[in-house]
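Presented below is the structure to which this report refers.
Just follow the structure's listing: the first ligand is 1, and inside any ligand the first atom is 1. Small disclaimer: the values here were computed from a predicted structure and weren't measured.
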Amino acid sequence: MPEGFKQARWKEPLLNEISRPGRVGMLPPSDPEIAKEFPEPGSLVPARMRRASVELPELSELQVLRHFNRLSQMNFSVELGMYPLGSCTMKYNPKVSEMIASSDAMKQAHPLQPPETVQGLLSILYELERMLSEITGMSRFALCTAAGAQGEFAGVLMIRKYLMEHGGSERDEILVPDSAHGTNPASAAMAGFRVVKVPSDSSGQVRARAVQELVSEKTAGMMFTVPNTLGLFESEVLDVSKAVHAAGGLMYYDGANMNALLGKARPGDMGFDVVHLNLHKTFATPHGGGGPGAGPVGANDKLSPYLPVPLIADNGGKYSLDYDQERSIGQLKGFVGNSAVLLRAYAYIRLLGASGLADVSSLAVLAANYLWRRLDPNAFPVSHGEGLRRKHEAVVSVKGELPGGAMKVAKALLDRGVHSPTVYFPLIVSEALMIEPTESEPMELLDEYADAMNKIYMSLKDGTLGDPPVETSVGRVDEVKASRPLTLKVHW
Ligand SMILES: *Cc1c(COP(=O)(O)O)cnc(C)c1O
């Protein structure tokens with residue numbers, strides 16, 4: 001962690017504001033021999049599609065470079081410092097998968113290209129589908145869904161359709177634990193279900209007994225996150241699955257955070273019928289800026305006929321997009337989904353292999369437990385499951401539950417050139433800090449991070465912390481002002 005951290009503060013104007021008429025970024029070569037290799041840019045666009053005028057900023061190449069370099073200096077990313085954002089798995093995404101995903105072959109592929117011309121990509125996607133099925137213990141995967149939440153939505157729609165076709169159309173309740181990610185109840189409600197909250201016990205786990213008391217002939221299924229958002233493995237998951245199945249419901253697995261289970265355990269073996277994965281958390285796609293993601297959804301034999309289309313079909317070595325699934329819930333996203341994200345996941349899995357994936361999990365779990373144990377328990381006590389080992393993340397509270405304490409600790413960390421943990425989630429922990437260091441960080445940084453948190457707590461307690469952050473390019477925003485008198489239009 002850098003001593004004396006100070007983030008750059010550029011008063012950076014918009015590109016439109018520094019634009020000057022006639023200024024150009026690049027001139028075509030004047031040597032006619034070379035110039036003929038460079039077509040006039042406009043000539044590449046069919047005449048009827050050309051605009052008469054486009055108001056784009058007119059700038060030199062250097063101005064553009066400086067602009068974006070300066071903006072990047074005012075930003076923060078996992079490539080600048082530790083980013084242990086729990087439930088988000090901000091791990092390092094190897095550059096080689098980035099290179100593969102941005103290769104020319106990928107950049108120039110078009111979704112409407114005839115399948116014969118993209119057999120390579122389709123064969124990769126087919127293989128990815130098989131690998132994700134193997135990793136989770138499912139029969140088939142649909143790769144098209146673009147986010148975790150969309151995978152969840154697809155999954156609960158599949159449960160609904162299955163029940164409708166099997167005499168369960170009156171089943172309208174989905175069980176969701178109180179520690180679940182907010183997208184779970186939201187997806188269930190959007191699919192038309194009533195959400196029944198399952199309480200966690202004082203050790204932070206869902207007990208099979210609690211589930212037995214809530215299931216009935218109204219139960220359509222249960223959405224379950226294992227390990228849960230407290231970072232704890234749900235030790236009664238097998239009995240929970242049994243209880244829901246015995247009542248006639250189906251089991252949904254929220255696999256957004258597979259970092260603790262890769263190569264170790266499979267939701268399919270725990271009784272789950274349908275799962276989603278977040279490739280943009282566990283499988284090497286950078287995220288955090290709202291960029292493209294992929295939340296493939298997988299199912300066992302019972303539910304796979306309902307998967308969203310298209311699926312990738314292998315007709316004896318010839319690959320195609322299969323839209324022809326008569327019981328499918330239908331199409332939720334165009335074409336194969338976000339293919340570059342899928343390709344990164346494929347590269348990542350192939351690079352690591354089965355044993356490498358298992359090592360990722362071992363290291364992620366070791367790092368989370370190590371960092372958590374380095375925190376002073378008198379400053380950051382755990383709220384649930386005191387003696388239990390964590391999986392990929394740990395949730396602590398700020399001692400004394402000092403109001404606003406978690407936010408202050410988070411902001412003070414920013415002043416040290418690292419990112420804060422996730423704060424105020426899960427909702428069942430007050431003044432929560434949810435820390436997920438991932439497998440990527442070296443031990444020295446885990447030590448420094450824990451030391452920094454312990455020191456910050458001391459300053460918070462004795463009232464000398466001040467009002468962080470003060471060293472970042474942007475201070476605290478007025479959140480009310482940022483959302484109410486919001487102006488999104490720029491005039492120049
Ligand atoms: C991130 C996350 C989701 C939602 O994924 P999105 O891609 O953001 O829609 C769902 N469940 C859990 C546990 C998560 O951490």
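- Residue-to-ligand polar distances keep Thr225 apart from ligand 1: every N/O pair is separated by 3.5 Å or more.
- Of the heavy atoms in Ala256, only side-chain atoms (C-beta onward) come closer than 4.0 Å to ligand 1.
- Shortest contact from atom 9 (O) of ligand 1 to any protein heavy atom: Ala149 N, 2.8 Å.
- Using the six-membered ring where Trp is involved, Tyr348 and Phe283 have ring planes that are perpendicular, over 60° apart on the 30 and 60° scheme.
- Checked by distance only, ligand 1 and Asp254 come closer than 3.5 Å through their nitrogen or oxygen atoms.
- Between Asn278 and ligand 1, a contact under 3.5 Å exists for at least one N or O pair.
- Atom 6 (P) of ligand 1 has as its closest protein heavy atom Gly148 N, 3.5 Å.
- Phe272 and Phe224 have tilted rings, their planes meeting at an angle from 30° to 60° on a 0 to 90° scale.
- Nearest protein heavy-atom contact of atom 2 (C) of ligand 1 is Lys281 NZ, 2.4 Å.
- Closest heavy-atom approach to atom 4 (C) of ligand 1 within the set His181, Gln150, Glu393: this belongs to His181.
- With salt bridges taken as basic N to acidic carboxylate O contacts below 4.0 Å, none links Glu213 and Arg207.
- A salt bridge links Arg266 to Glu134: one of the charged nitrogens lies within less than 4.0 Å of a carboxylate oxygen.
- When only modelled atom types and interatomic distance are considered, Glu98 and Asn93 share no side-chain donor-acceptor pair under 3.5 Å.
- Not one N or O of Ala147 is nearer than 3.5 Å to an N or O of ligand 1, by distance alone.
- Note on ring orientation: taking the six-membered ring where Trp is involved, the planes of His280 and His287 are perpendicular (angle over 60°, cut-offs 30° and 60°).
- At least one heavy atom of Glu152 sits closer than 4.0 Å to an atom of ligand 1.
- Taking distance alone, with nitrogen or oxygen atoms compared against 3.5 Å, His280 approaches ligand 1 more closely than that limit.
- Proximity to Asn257 (heavy-atom distance under 4.0 Å) selects the following atoms of ligand 1: 13 (C), 15 (O).
- Heavy-atom contacts of Thr183 reach the following atoms of ligand 1: 3 (C), 4 (C), 10 (C), 11 (N) (cutoff under 4.0 Å).
- The pair Glu170-Lys218 does not meet the salt-bridge criterion, since no charged nitrogen lies less than 4.0 angstrom from a carboxylate oxygen.
- Atom CD of Glu386 is surrounded by 12 or fewer heavy atoms from other residues, nucleotides or ligands within 6.0 Å.
- A salt bridge between Arg416 and Glu448 is absent, with no side-chain N of the basic residue lying under 4.0 Å from a carboxylate O of the acidic one.
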